[in-house]
Amino acid sequence: MNMTAQDAFVRICAVDDLELDTPVRAEIDGTPVALVRKSDEVFAIYDECSHAAVPLSEGDVEDCTLECWLHGSRFDLRDGRPTGLPATVPVKVYPVEIRDGDVYLSLVPKN
């Protein structure tokens, strides 16, 4: 059976369940993901800092970056690249779609 790109997306939550600029941890098929709502867009990033292996969902959002609470590493929510040391390795980001007020995510990383 061939799987279409649409089939790869799973419903995570309602958009209204996410507060603006507040990371939320979700686990999809054993993969930890941090969800961040920015006005009319939702981002999904692997929920583990590539520097210290702690949850990014416990960090702070500023503009379009998520800052790790432990050592201050920062990651761009759009592409997972580190924008602040000590992290130098990017983290995975996942495609997100909003359909009828619900957040859908694919575990096939963008990067």
Side-chain angles (χ1 to χ4, degrees):
M1 174 186 232
N2 290 334
M3 204 170 166
T4 65
Q6 184 103 348
D7 294 334
F9 283 81
V10 294
R11 183 188 179 279
I12 304 303
C13 63
V15 173
D16 291 341
D17 291 341
L18 301 173
E19 292 183 38
L20 289 174
D21 296 327
T22 303
V24 172
R25 180 182 175 95
E27 194 163 309
I28 300 94
D29 292 335
T31 301
V33 176
L35 300 169
V36 178
R37 180 178 174 193
K38 299 290 295 175
S39 62
D40 60 346
E41 198 169 2
V42 175
F43 295 94
I45 190 167
Y46 186 69
D47 193 22
E48 186 175 284
C49 178
S50 62
H51 169 255
V54 297
L56 290 172
S57 59
E58 295 176 14
D60 294 315
V61 175
E62 184 178 326
D63 297 323
C64 212
T65 63
L66 181 53
E67 181 178 5
C68 178
W69 62 271
L70 187 59
H71 296 121
S73 295
R74 299 172 68 82
F75 298 91
D76 190 305
L77 291 168
R78 297 165 289 200
D79 59 16
R81 69 184 164 81
T83 60
L85 295 173
T88 58
V89 176
V91 293
K92 293 177 185 174
V93 293
Y94 303 97
V96 173
E97 292 181 359
I98 297 174
R99 302 180 200 158
D100 299 322
D102 289 330
V103 176
Y104 288 80
L105 179 138
S106 171
L107 282 180
V108 178
K110 289 192 213 179
N111 55 346

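Keep in mind that this is a model prediction, so the values were computed, not measured. Reckoned from all heavy atoms, side chains included, excluding hydrogens, waters and symmetry mates.
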Give the minimum heavy-atom separation between [X] and [Y], together with the two atoms involved.
| X | Y | result |
| --- | --- | --- |
| Cys68 | Val54 | SG-CG2, 3.4 Å |
| Arg25 | Pro55 | NH1-CB, 4.2 Å |
| Ala87 | Ser50 | CB-OG, 3.9 Å |
| Tyr46 | Leu56 | O-CD1, 3.5 Å |
| Leu70 | Ala52 | CD2-CB, 3.8 Å |

Per-pair distances, 0.1 Å, donor-acceptor, side chain in residues 32-43, under 3.5 Å, sequence neighbours excluded:
{"from": "Arg37", "atom 1": "NE", "to": "Ser39", "atom 2": "O", "distance (Å)": "3.4"}
{"from": "Arg37", "atom 1": "NH1", "to": "Val15", "atom 2": "O", "distance (Å)": "3.4"}
{"from": "Arg37", "atom 1": "NH1", "to": "Leu18", "atom 2": "O", "distance (Å)": "3.0"}
{"from": "Lys38", "atom 1": "NZ", "to": "Asp21", "atom 2": "OD1", "distance (Å)": "2.6"}
{"from": "Lys38", "atom 1": "NZ", "to": "Asp63", "atom 2": "O", "distance (Å)": "2.5"}

Query - Donor-acceptor pair, side chain of Asp60 and main chain of Glu67, under 3.5 angstrom - result: no

Requested in this report: Spell out, as yes or no, whether a donor-acceptor pair under 3.5 Å connects the side chain of Thr65 to the backbone of Arg74.
Outcome: no

[atom1]-[atom2] distance between [X] and [Y], expressed to the nearest 0.5 angstrom:
| X | Y | atom1 | atom2 | answer |
| --- | --- | --- | --- | --- |
| Asp47 | Thr31 | CG | OG1 | 11.0 Å |
| Cys64 | Phe75 | SG | CZ | 14.5 Å |
| Glu97 | Leu105 | CD | CG | 10.0 Å |
| Cys49 | Leu66 | SG | CG | 9.5 Å |

Query raised in the report: With sequence neighbours excluded, what pairs up with Glu48 under the side chain to side chain donor-acceptor pair (under 3.5 Å) test?
Result: none

Requested in this report: Would you kindly say whether Thr83 and Asp76 are connected by a side-chain donor-acceptor distance under 3.5 Å?
Outcome: no

Report task. Might you confirm whether atom CD of Glu19 has over 12 heavy atoms from other residues, nucleotides or ligands at distances under 6.0 Å? Result -> no

Is [Y] reachable from [X] through a run of hydrophobic residues whose side-chain heavy atoms are each under 4.5 Å from the next?
| X | Y | answer |
| --- | --- | --- |
| Leu107 | Val10 | yes |
| Ile28 | Val103 | yes |
| Ile98 | Val24 | yes |

